[in-house]
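Worksheet for the structure shown next.
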Amino acid sequence: MLTPWHTFAAICGKLVFVRTLITDSTDEAAEIIRRGGLVAFPTETVYGLGADVFNEDTLRRIFEAKQRPPDNPLIIHIADISQIEQLAHPANENAKKLIEAFFPGPLTVVLKKRENVSALATAGLDSVGIRMPSFPIANEFLAKCETPVAAPSANLSGRPSPTTWHAVLEDLDGRIDCILRGDPTEIGLESTVVDCTLDDPVILRRGSITIEMLREVVPAVRNVAAADELRRSPGTRHKHYAPRAIVILVDSPPEPRADAAFIGLSSPVEGWGFARFCGGVDEYAKEVFEFFRECDRRGVVTVYCRSVKTDGIGEALMDRLRRAAER
Ligand code: TXA
Ligand code: MG
């Protein structure tokens, strides 16, 4: 058990008392991982909650800290492609092509797992999801951990994924040992997950690496069939990405309401209780989870989200918005 730290953090210009260590040092954060602690860290997609994948006690603490259902497997993060062989059996040709083209970056490949990877990390599956982030601070931190790092998104289960360090603190203060403080994440939506255990890769979760980008490298890539999604992509069984408010998807801007919030790609209109107008789909994707959190902080009860075209990252954004709107 690590000693809890007591410190103050400046959030929104206020000094608040926090129980989790907040550090800017990748050395300090990596040492905590090596000693068996839980560390949240920034990546280009969202913040992750990391633990040494070979330490079962700490893996258990990930599920406790997040209140995560045990049937939802973790993604294992690496600093170098050579670490894949510690985790998975040799990849097939298509998987190798995707790894070569998109690592490091916002792609998770699912491969056949080796026996030494704990069933706790993979939720009992015989496969393992592996990702090599491209964010420089994530890469530096992971290299210093000297072990692959299991890391789900660093939020309480069901809440929007954290794209800032203070969103991590909001959900997990006192429940984890350390937050490696970095910039807000660049993409704002979680990685594209591709099952590569069979010859033809199947997209299990959409992300900023789109099907078109994947097909340029491996033309056989396809989306998971709706009928197979729940079985093959355990993460989709659980409610995700949503604020506490009711989320309503709209194709055109509704009449502004003082008792509701709005996010979308349109020019500012007066009259919303709270609104976020984004300059493009990339900005919308980057901002949407923090917008949902801000709605919760303000006690908003209804949130209108304007739909976008499903090209580029628009497809992943619409996937998250639809899931947030499910009740
Ligand atoms: O961008 C990301 O992927 C972030 C950052 C931290 O890397 N991580 C993340 O982790 O979003 P999490 O735990 O929130 O989502 C993991 C997803 C779930 O949908 C899970 O079902 C899927 O990855 N997954 C992990 N291992 C899998 C496996 N062996 N087979 C099928 N799906 C798997
Ligand atoms: Mg998550």
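FYI, side chains are in, hydrogens and waters are out, and symmetry mates aren't considered; it's all heavy atoms of this structure. Model, not experiment: these values are computed from the prediction. Numbering starts at 1 and runs along the sequence shown. As the structure lists them, so they are numbered: ligands from 1, and atoms in each ligand from 1.
- Here the shortest heavy-atom pairing between Arg181 and Tyr47 reads C-OH, 4.3 Å.
- Within a radius of less than 2.8 Å around the Mg ion (ligand 2), the protein N, O or S atoms are Ser153 OG.
- In terms of protein heavy atoms, atom 4 (C) of ligand 1 is closest to Val46 CG2, 3.7 Å.
- Looking only at protein heavy atoms, the nearest one to atom 3 (O) of ligand 1 is Ser191 OG, 2.6 Å.
- Between Arg68, Lys66, Glu190, it is Arg68 that holds the heavy atom closest to atom 13 (O) of ligand 1.
- Within the listing of ligand 1, atoms 28 (C), 29 (N), 30 (N) sit less than 4.0 angstrom from a heavy atom of Ser127.
- Atom SG of residue Cys305 and atom CZ of residue Phe291 lie 6.0 Å apart, to the nearest 0.5 angstrom.
- Summarising the geometry, atom OG1 belonging to Thr163 is positioned 12.0 Å from atom CG belonging to Asp183; distances are rounded to the nearest 0.5 Å.
- Contact annotation: for Lys113 versus ligand 1, there are no heavy atoms closer than 4.0 Å.
- Residues Lys66 and Ser157 have side chains that never bring a donor and an acceptor to within less than 3.5 angstrom of each other.
- The shortest contact between atom 19 (O) of ligand 1 and any protein heavy atom is with Gly235 CA, 3.5 Å.
- Taking the salt bridge (charged side-chain N to carboxylate O under 4.0 Å, His left out) definition, one finds that Glu93 meets it with Lys96, sequence neighbours left out.
- There is no side-chain donor-acceptor pair under 3.5 Å between Tyr284 and Arg306.
- Side-chain polar atoms of Thr108 and Ser191 form a donor-acceptor pair below 3.5 angstrom.
- Contact check on Glu170 versus Arg297 returns a salt bridge, with a Lys/Arg side-chain nitrogen under 4.0 Å from an Asp/Glu carboxylate oxygen.
- There is a protein heavy atom less than 4.0 angstrom from atom 6 (C) of ligand 1.
- In this model, a donor atom of one side chain and an acceptor atom of the other lie less than 3.5 Å apart for Ser161 and Glu190.
- With a 4.0 Å cut-off on non-hydrogen atoms, Asn72 touches ligand 1 through its side chain and not its backbone.
- Close approach to Pro152 involves these atoms of ligand 1, each under 4.0 Å from a residue heavy atom: 10 (O), 12 (P), 13 (O).
- A side chain to side chain contact (heavy atoms under 4.5 Å, CB included) with Pro106 is found for exactly one of Val46, Ile209, Thr192, namely Ile209.
- Heavy-atom proximity to Leu204, at under 4.0 Å, picks out these atoms of ligand 1: 31 (C), 32 (N).
- The protein heavy atom nearest to atom 17 (C) of ligand 1 is Arg205 NH1, 3.5 Å.
- Remark: ligand 1 atoms within the under-4.0 Å shell around heavy atoms of Arg232 are 31 (C).
- Atoms of ligand 1 found under 4.0 Å from any heavy atom of Leu125 (numbered from 1 in listed order, with element): 28 (C), 29 (N), 30 (N).
- At a 3.5 angstrom cut-off on N or O pairs, Thr108 does not count as close to ligand 1.
- Under 4.0 Å is where a charged nitrogen must lie from a carboxylate oxygen, and between Arg322 and Glu326 no such pair does.
- In this model, a donor atom of one side chain and an acceptor atom of the other lie less than 3.5 Å apart for Asp195 and Thr197.
- For Phe277 and Phe262, the ring centers are positioned less than 6.0 Å apart.
- Here Thr122 has no heavy atoms under 4.0 Å from ligand 1, in either its backbone or its side chain.
- Annotation for ligand 1: atoms under 4.0 Å from non-hydrogen atoms of Pro234 are 21 (O), 31 (C), 32 (N).
- Distance from atom 12 (P) of ligand 1 to its nearest protein heavy atom, with residue and atom name: Ser153 N, 3.7 Å.
- Among Gly129, Pro73, Ala40, the residue whose heavy atom lies closest to atom 33 (C) of ligand 1 is Pro73.
- Of all atoms in ligand 1, numbered sequentially from 1 with element shown, those under 4.0 Å from a heavy atom of His77 are 5 (C), 6 (C), 7 (O).
- Residues Thr147 and Asp52 bring a donor and an acceptor atom of their side chains to less than 3.5 Å of each other.
- Atom numbering of ligand 1 starts at 1 in the shown order; those under 4.0 Å from a heavy atom of Thr45 are 1 (O), 2 (C), 4 (C), 5 (C).
- Once rounded to the nearest 0.5 Å, the distance linking OG1 of Thr20 with CG of Leu172 reads 7.5 Å.
- In this structure, the protein non-hydrogen atom closest to atom 16 (C) of ligand 1 is Ile75 CD1, 3.6 Å.
- When the side chains of ILVMFWY residues are joined at heavy-atom separations under 4.5 Å, either directly or via intervening members, Ile211 and Met318 end up in two distinct hydrophobic clusters.
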